[in-house]
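The structure appears below as structure tokens.
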Amino acid sequence: CSAKEDIKLMTAEEIYDALLEIGGHRFNHVTISGGNPALIKGIQELVDLFEDKHIYTALETQGSRFQSWMTQIDDLTISPKPPSSGMKTNLEILDSVINQCTFHSLNLKVVIFDDADYDFAKLIHHRYPNIPFYLQVGNPYLDDNVDQPTDKLLERYEQLGDRVMQSSDINHVYVLPQLHTLLWSNKKGV
């Protein structure tokens with residue numbers, strides 16, 4: 001039996017019950033991310049359940065596939081993969097996905113690791129100038145042996161902020177660190 005056959009997919013109700021077990025009633029907002037959620041079966045049922053339970057939803061996806069349930073998401077982030085990912089973003093598909101999404105909840109984000117990613121971010125921002133746009137510092141310090149990863153990330157964040165402030169061709173953007181890495185460094189499962 002393969003490992004793939006051993007994986008039991010959770011139903012929407014099982015996911016909700018697990019969230020209640022972990023967080024009790026101390027949450028009213030759930031972020032769906034990891035990989036490309038637009039490719040995962042069963043998300044419609046989960047989004048519907050959260051809507052019924054009055055739980056706000058956020059979704060982060062790379063924008064390579066549209067799903068009708070994306071229009072139900074309260075905070076939708078489309079984060080096309082930059083060159084450093086090794087993936088090539090199909091801009092026609094990205095256009096189609098963006099055009100089908102609800103603009104009041106939509107924002108764009110590009111994670112920056114290097115100069116090619118920064119240039120890609122400029123291209124995306126210029127292509128969609130009226131959509132809120134975030135630049136986020138990538139975390140190349142995933143190795144457990146890296147000394148002071150948070151300090152290194154803050155330095156990269158400062159460098160990206162300085163670069164954007166010095167630029168005349170990438171205005172009206174938000175520059176953010178990866179907040180979870182500042183709080184928990186490279187801790188798994190957060």
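When reading the values below, keep in mind they use all heavy atoms of this one structure, side chains included, and skip hydrogens, waters and symmetry mates. Each residue takes its place number in the sequence, starting with 1.
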Exercise for the section: Check whether any side-chain heavy atom of Leu39 sits under 4.5 Å from a side-chain heavy atom of Arg65, and report yes or no. Expected result: yes
Problem - His125 and Phe133 aromatic ring geometry - parallel, tilted or perpendicular at 30°/60° bounds - result: tilted
Handout entry: Candidate pair Asp75 and Ser105, rule side chain to side chain donor-acceptor pair (under 3.5 Å), full reasoning
Key = CA-CA 5 Å; Asp75 300 307; Ser105 68; over 6 Å; no
Problem - Steps toward side chain to side chain donor-acceptor pair (under 3.5 Å) verdict (Tyr128, Asp95) - result: CA-CA 9 Å; Tyr128 312 104; Asp95 288 343; 2.5 Å; yes
Exercise for the section: State, to 0.1 Å, how close Leu106 and Pro132 come at their nearest heavy-atom pair, and which atoms those are. Expected result: O-CD, 3.6 Å
Problem - Cluster link Val137 to Phe113, ILVMFWY, side chain under 4.5 Å - result: no
Handout entry: Qualifying residues under salt bridge (charged side-chain N to carboxylate O under 4.0 Å, His left out), relative to Lys81, sequence neighbours excluded
Key = none
Problem - NE2 on His172 to CG on Asn130, rounded to 0.5 Å - result: 8.5 Å
Exercise for the section: Drop me the distance from Leu46's CG to Thr57's OG1, to the nearest 0.5 angstrom. Expected result: 8.5 Å
Practice task
For Phe66 and Cys101, run side chain to side chain contact (heavy atoms under 4.5 Å, CB included): C-alpha distance rounded to whole Å, both residues' side-chain angles, the deciding distance at 0.1 Å, then the answer.
Solution key: CA-CA 8 Å; Phe66 175 77; Cys101 290; 4.1 Å; yes
Problem - Separation of Thr150 OG1 from Asn139 CG (nearest 0.5 Å) - result: 8.5 Å
Problem - Minimum heavy-atom distance between Ser84 and Asp114, given as atom pair plus value - result: CB-OD2, 3.8 Å
Practice task
Could you pull out the closest heavy-atom pair between Asp74 and Tyr56, with the gap in Å?
Solution key: OD2-CA, 3.1 Å
Handout entry: For Thr11 against Glu14, the heavy-atom pair lying closest together
Key = N-OE1, 2.8 Å
Exercise for the section: May I ask you to test the Leu160-Met165 pair for a side-chain heavy-atom distance under 4.5 Å? Expected result: no
Exercise for the section: Evaluate the side chain to side chain contact (heavy atoms under 4.5 Å, CB included) criterion for residues Tyr134 and Leu108: first the C-alpha distance (whole Å), next the side-chain angles of each, then the deciding distance (0.1 Å), finally the verdict. Expected result: CA-CA 6 Å; Tyr134 294 84; Leu108 292 166; over 6 Å; no
Exercise for the section: List the steps and the verdict of side chain to side chain donor-acceptor pair (under 3.5 Å) for Asp162 and Gln166. Expected result: CA-CA 6 Å; Asp162 288 345; Gln166 301 294 324; over 6 Å; no
Practice task
Would you mind telling me which of Thr61, Thr89, Val97, Ile98 makes a side chain to side chain contact (heavy atoms under 4.5 Å, CB included) with Pro80?
Solution key: Thr89
Problem - Asp147 and Lys152 ion-paired at < 4.0 Å - result: no
Completion exercise
Nearest heavy-atom approach of Pro37 to Ser33 is CG-CA, 3.8 Å
Exercise for the section: Please say which of Ile112, Val111, Val110 ends up in a side chain to side chain contact (heavy atoms under 4.5 Å, CB included) with Gln136. Expected result: Val111
Practice task
Examine distances only and state if a side-chain atom of Glu21 and a backbone atom of Ala18 form a donor-acceptor pair shorter than 3.5 Å.
Solution key: no
Handout entry: ILVMFWY cluster, Met10 and Ile40 together (side-chain gap under 4.5 Å)
Key = yes
Handout entry: Within one Ile-Leu-Val-Met-Phe-Trp-Tyr cluster: Ile32 and Trp69, side-chain cutoff 4.5 Å
Key = yes
Practice task
Indicate whether any N or O donor in one side chain lies under 3.5 Å from an N or O acceptor in the other, for Glu51 and Gln72.
Solution key: yes
Problem - Student check: side-chain heavy atoms of Gln100 and Met70 closer than 4.5 Å - result: no
Problem - Electrostatic pair Arg156-Asp151, nearest N-O below 4.0 angstrom - result: no
Exercise for the section: Please confirm whether the backbone N or O of Leu154 pairs with a side-chain atom of Glu158, one donor and one acceptor, at under 3.5 Å? Expected result: no
Exercise for the section: Could you walk me through whether Leu20 and Phe27 pass the side chain to side chain contact (heavy atoms under 4.5 Å, CB included) test, one step at a time? Expected result: CA-CA 9 Å; Leu20 283 177; Phe27 70 95; 4.2 Å; yes
Problem - Trace of the side chain to side chain contact (heavy atoms under 4.5 Å, CB included) decision for Ile124 with Leu91 - result: CA-CA 9 Å; Ile124 296 296; Leu91 294 176; 3.8 Å; yes
Practice task
Kindly compute the distance separating CD (Glu45) from CD (Glu13), expressed to the nearest 0.5 Å.
Solution key: 11.0 Å
Exercise for the section: Sequence neighbours left out, what passes side-chain contact (heavy atoms from CB on, under 4.5 Å) with Lys122? Give chain and number order. Expected result: Tyr118, Asp119, Asp169, Ile170
Handout entry: Same cluster (ILVMFWY, side-chain, under 4.5 Å), Ile78 and Leu176
Key = no
Exercise for the section: Let me see the working for Ser64 and Asn90 under side chain to side chain donor-acceptor pair (under 3.5 Å), right down to the final yes or no. Expected result: CA-CA 7 Å; Ser64 62; Asn90 182 318; over 6 Å; no
Exercise for the section: Measure the CD1-CG distance between Ile15 and Leu49 for me, rounded to the nearest 0.5 Å. Expected result: 9.0 Å
Practice task
Could you tell me the separation between the CG atom of Leu135 and the OH atom of Tyr157, rounded to the nearest 0.5 Å?
Solution key: 10.5 Å
Handout entry: Shortest non-hydrogen separation from Leu94 to Gln62 and the atoms involved
Key = CD1-O, 4.3 Å
